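Keep in mind it's a predicted model, so treat the numbers as computed, not measured. Numbers here simply count residues along the sequence, with the first being 1. Basis for what follows: all heavy atoms, side chains included, without hydrogens, waters or symmetry-related copies.
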Amino acid sequence: MMIMKKKSQMVKVNLVIENKNWKSRYPTVNLFLTKSIKKILLSIFPSRAIAFEISILLTGSKNMKNLNKKFRKINKDTDVLSFPAEEKNFFKKDFTLKKKLYLGDIALSYQYIEAIIKKQNISFDDYFKKMLVHGVLHLIGHEHDSFKKYKKMNLLEQKIIRTI
């Protein structure tokens, strides 16, 4: 009998919690994020046995507004911001030669997410996972600057969310 070992991915999550609301909602937020990011990356790169690293900032409205203003010239709060470490086309090439890959940074705003879930009457967990997936997809080159790209990204997002 032959035992097939599933390829495993190493995922390192560098976490900075800047807003105490995150810690009260998720006392084990580091574990939650590591498990979620691992599942997201496994569904995107099922056969890649490379180590991924990602940084996540859990912040609030004030800092998110500052980041959005500084990097996107938009003076308002938002739910998620992504700062990719690689060029957009990097993931279209064969990057299996790398042993370790730093994907980039994601920032999430607690108050903005809370406002959205109250308006849309959905759970915090569900929307938080959706924003994690959305952020990771941006890190690997996905955009939604046209309806066609939005539709493609949205379908992929929904498919990945079902796996986590």
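- A distance of 6.0 Å or more separates the ring centres of Trp22 and Phe32.
- In this structure, OH in Tyr102 is found 7.5 Å from CD1 in Ile54, a value given to the nearest 0.5 Å.
- A distance of 13.5 Å separates OG1 of Thr59 from NZ of Lys65, quoted to the nearest 0.5 Å.
- The shortest side-chain heavy-atom distance between Leu132 and Ile56 falls under the 4.5 Å cut-off.
- Here the NE2 atom belonging to His138 is positioned 9.5 Å from the CD1 atom belonging to Ile106, to the nearest 0.5 angstrom.
- Other residues, nucleotides and ligands place no more than 12 heavy atoms under 6.0 Å from the CD atom of Glu87.
- Note that Arg25 lies in the cation-pi zone of Phe124, set by a 6.0 Å cut-off to the ring centre and a 45° limit from the axis.
- Heavy atoms from other residues, nucleotides or ligands lying under 6.0 Å from NZ of Lys23 number more than 12.
- Of the options His134, Lys152, Lys151, Lys149, a side chain to side chain donor-acceptor pair (under 3.5 Å) to His144 is made by His134 and by none of the others.
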Inset, instruction - Begin from the C-alpha positions of Asp77 and Ser109 and carry the test side chain to side chain donor-acceptor pair (under 3.5 Å) through to its verdict. - result: CA-CA 8 Å; Asp77 190 10; Ser109 169; 3.2 Å; yes
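- Atom CD1 of residue Ile37 and atom CD1 of residue Ile164 lie 8.0 Å apart, to the nearest 0.5 angstrom.
- Within the model, atoms CZ of Phe128 and CG of Leu58 stand 5.0 Å from one another, a figure rounded to the nearest 0.5 Å.
- By the side chain to side chain contact (heavy atoms under 4.5 Å, CB included) test, Asp125 pairs with Tyr26, Ser123, sequence neighbours left out.
- The distance from the NZ atom of Lys12 to the NZ atom of Lys100 is 5.5 Å, given to the nearest 0.5 Å.
- Here the shortest heavy-atom pairing between Asp79 and Tyr112 reads N-CD2, 3.2 Å.
- Every side chain to side chain contact (heavy atoms under 4.5 Å, CB included) that Ile160 has, sequence neighbours left out, goes to Ile40, Ser43, Ile44, Val133, Leu137, Leu156, Thr163.
- Annotation for Phe91 and Leu139: closest pair CE1-O, 3.6 Å, computed over non-hydrogen atoms.
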